[in-house]
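First up is the structure itself, then whatever we jot down about it.
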Amino acid sequence: VFMNPSLRTRASMEVAAGRLGSRVTVLAGQDAWKLAWEDGVTMDGDEAEHVREAARVLSGYFDVIGMRSFAPLEHSSDPLTDTPVARFAGHSTRPVVNLESAAFHPCQALADAAVLSQDFGTELSGVKFVLAWTYHPRALPVAVPQSTLLMAARMGADVTVAVPPELALSDRLMAEAGVLARQHGGTVRAVSDLDEAVADAHVVYAKSWTPSAVAATPDAGNAIRTRQRDWRITHARMQSTNSGRFMHCLPVRRNVVVDDDVLESDASLVQRQARMRVDANVAILAGLSERAQ
Ligand code: CP
């Protein structure tokens, strides 16, 4: 169920399901009714169907349901755990795979972890991993950076989050990442200087994001982001790394987020990350299938 567009997640999940002999039905955009999410709501607005009905109906048709929905809930009890995908999962009687919620993108993080494992091993102890905020004209969700941060911390990397202070990830998420990193031999810190962060880095993972509180302001954080237009991954910045790899989940805006020559260089892992999405999805679906037996 895709409430937002997708190229990689949708296609790679369809390919993965096909490899395992499963059939896939995709409901995207206007294919399904607009859902209401709140319990006890009087549905006299735009929403034609409640998540309670939709989740239960689809649970009767399918063995596994995947859902993508970026938008945070208007009345969320917790931005990290109470999202549309989580509410759908709460009413589904089948496993629900998070294909990117307002808070997390675990399928992307699993694929990225596999790519990192190929180059550095499954333990990233001593690996300097930079999650670099980059300029983007639009307010993008925090799902990928939040999942990336937790993934790198859990693999034991020395993680630096480079981000303008106004766009920092939540203290709670940073604290959670710090605990995970300590448990696995790594560290987590935040800095507000991109050049300082990338110097000597082994991995530069670029991503733009705008926290939902900033995205909800009248200009959606545009003025803050525009002040940081030079937060872009350039050849010169990659030259200052320790033979650093460049990572990005894609889609990426060329010469806005990252320069052409970085994307085209041998340091870029973006195509391997995208290809790994298929294998990661095969692992997820096979794991769910095993659990069901
Ligand atoms: N990286 C990623 O999830 O890509 P899509 O948004 O195209 O699925």
Side-chain angles (χ1 to χ4, degrees), residues 105 108-109 112-113 115-116 119-120 124-136 140-182 184-211 214 221 224-250 252-259 261-263 265-270 273:
H105 194 356
Q108 179 70 52
D112 292 342
V115 170
L116 286 165
D119 284 17
F120 297 100
L124 297 188
S125 187
V127 172
K128 189 176 172 198
F129 183 100
V130 178
L131 174 58
W133 182 90
T134 44
Y135 170 73
H136 193 287
L140 300 185
V142 292
V144 168
Q146 294 197 153
S147 285
T148 302
L149 172 59
L150 295 183
M151 174 274 292
R154 189 170 166 183
M155 292 182 79
D158 290 324
V159 184
T160 299
V161 182
V163 58
E166 307 98 311
L167 301 171
L169 295 173
S170 76
D171 290 345
R172 184 171 148 214
L173 206 276
M174 290 294 291
E176 199 172 309
V179 170
L180 275 174
R182 277 193 295 283
H184 295 275
T187 56
V188 171
R189 67 175 183 142
V191 302
S192 56
D193 184 323
L194 181 57
D195 292 317
E196 175 200 331
V198 300
D200 294 326
H202 298 103
V203 180
V204 177
Y205 196 116
K207 186 73 185 83
S208 188
W209 67 83
T210 300
V214 179
I224 295 172
R225 288 192 305 278
T226 303
R227 282 199 293 275
Q228 321 295 346
R229 274 196 88 109
D230 63 334
W231 282 59
R232 190 177 81 253
I233 306 304
T234 60
H235 177 71
R237 284 185 165 130
M238 289 305 293
Q239 286 289 96
S240 78
T241 66
N242 186 351
S243 305
R245 277 72 155 179
F246 173 80
M247 298 182 78
H248 191 284
C249 63
L250 305 183
V252 72
R253 292 197 182 212
R254 282 175 173 250
N255 305 310
V256 174
V257 168
V258 55
D259 284 357
D261 50 6
V262 175
L263 267 181
S265 73
D266 290 342
S268 174
L269 303 185
V270 300
Q273 290 174 259

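Hydrogens, waters and symmetry mates play no part in the numbers below; they use all other heavy atoms, side chains included. Treat the numbers as computed from the prediction; the structure is a model and nothing was measured.
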Straight-line distance of [X] [atom1] to [Y] [atom2], nearest 0.5 Å:
X	Y	atom1	atom2	result
Y135	R229	OH	CZ	4.0 Å
K128	D200	NZ	CG	5.5 Å
D261	N255	CG	CG	8.0 Å
S170	Q146	OG	CD	5.5 Å
E166	R225	CD	CZ	11.5 Å
R154	E176	CZ	CD	11.0 Å

Do you know which two heavy atoms are closest between [X] and [Y], and how far apart they sit?
X	Y	value
A113	M151	CB-CG, 3.8 Å
Q228	P164	CG-CG, 3.7 Å
T160	V191	CG2-CG2, 3.7 Å
V257	A206	CG1-CB, 4.3 Å
A162	L194	CB-CD1, 4.2 Å
K207	P145	CG-CD, 3.8 Å

Applying side chain to side chain contact (heavy atoms under 4.5 Å, CB included), run through V270 and V252 and close with a yes or a no.
CA-CA 10 Å; V270 300; V252 72; over 6 Å; no
Do [X] and [Y] come within less than 4.5 Å of each other through their side chains, counting heavy atoms only?
X	Y	result
Y205	V159	no
S268	V262	no
M247	T148	no

Within the 3.5 Å criterion, strictly below it, is a donor on R232 or T134 matched to an acceptor on the partner's side chain?
no
Do other residues, nucleotides or ligands put more than 12 heavy atoms under 6.0 Å from D171 CG?
no
Take a 6.0 Å sphere around CG of D266 and say whether it holds more than 12 heavy atoms from other residues, nucleotides or ligands.
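Not buried by this count: 12 neighbours or fewer within 6.0 Å.
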Could you check whether R245 pairs with D119 (Lys NZ or Arg NE/NH1/NH2 to Asp/Glu carboxylate O, under 4.0 Å)?
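Yes.
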Start with the C-alpha gap between W209 and L169, add the side-chain angles, then the distance that decides, and say whether side chain to side chain contact (heavy atoms under 4.5 Å, CB included) holds.
CA-CA 9 Å; W209 67 83; L169 295 173; 3.5 Å; yes
Using modelled atom types and a 3.5 Å cut-off, is there a donor and acceptor pairing between side-chain atoms of T241 and backbone atoms of M238?
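Yes, because the side chain of T241 sits within donor-acceptor range (under 3.5 Å) of the backbone of M238.
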Please determine which of V204, V203, V188, L149 meets the side-chain contact (heavy atoms from CB on, under 4.5 Å) test together with L131.
L149
